Amino acid sequence: MENIAVLDLGDGRRIHCKGVDAAKSMWAQHYSRIDDATIDVFYPISLGGVVVTYRYDSELEKWVKSQ
């Protein structure tokens with residue numbers, strides 16, 4: 001099963017993408033000026049799921065997992 005990623009732009013706008021790479025690409029192409037954007041990735045596991053959140057680290061210039 002493929003994961004679903006939600007690009008949250010921090011201003012109420014959320015964009016659903018098929019996978020984390022698609023969300024990163026969408027952000028880079030259209031929203032890279034928004035530094036406080038996050039990506040929530042929903043991984044389906046059995047009957048439940050796991051959510052992993054990424055944030056863009058402007059100092060490292062890459063997406064990192066939030067703690």
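Bear in mind the structure is a predicted one, so any value in this text is a computation, not a measurement.
The structure places CD of E61 at 5.0 Å from OH of Y56, a figure rounded to the nearest 0.5 Å. To the nearest 0.5 Å, atom CD of residue Q29 and atom NZ of residue K24 are 14.5 Å apart. Atom-to-atom distance recorded for Y54:OH and T38:OG1 is 12.5 Å, nearest 0.5 angstrom. Note: D8 CG to D36 CG = 8.5 Å, rounded to the nearest 0.5 Å. We find the CG-CZ distance between D11 and R13 to be 4.0 Å, quoted to the nearest 0.5 Å.
A5 approaches G19 most closely through the heavy-atom pair CB-O, 3.4 Å.
Put simply, V64 and W27 are part of two different groups of oily side chains (I, L, V, M, F, W, Y) that touch within less than 4.5 Å, one to the next. I39 and V6 are not part of a single hydrophobic cluster, where members link through side-chain heavy atoms under 4.5 Å apart. V20 and I4 are members of different hydrophobic clusters when ILVMFWY side chains are connected at heavy-atom separations under 4.5 Å.
Side-chain contact between H30 and L7 is absent, with no heavy atoms from C-beta onward closer than 4.5 Å. Side chains of N3 and F42 form no contact here, defined as non-hydrogen atoms less than 4.5 Å apart.
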Applying side chain to side chain contact (heavy atoms under 4.5 Å, CB included) to Y31 and I15, what does each step give before you reach the verdict? CA-CA 11 Å; Y31 306 104; I15 301 166; 3.4 Å; yes

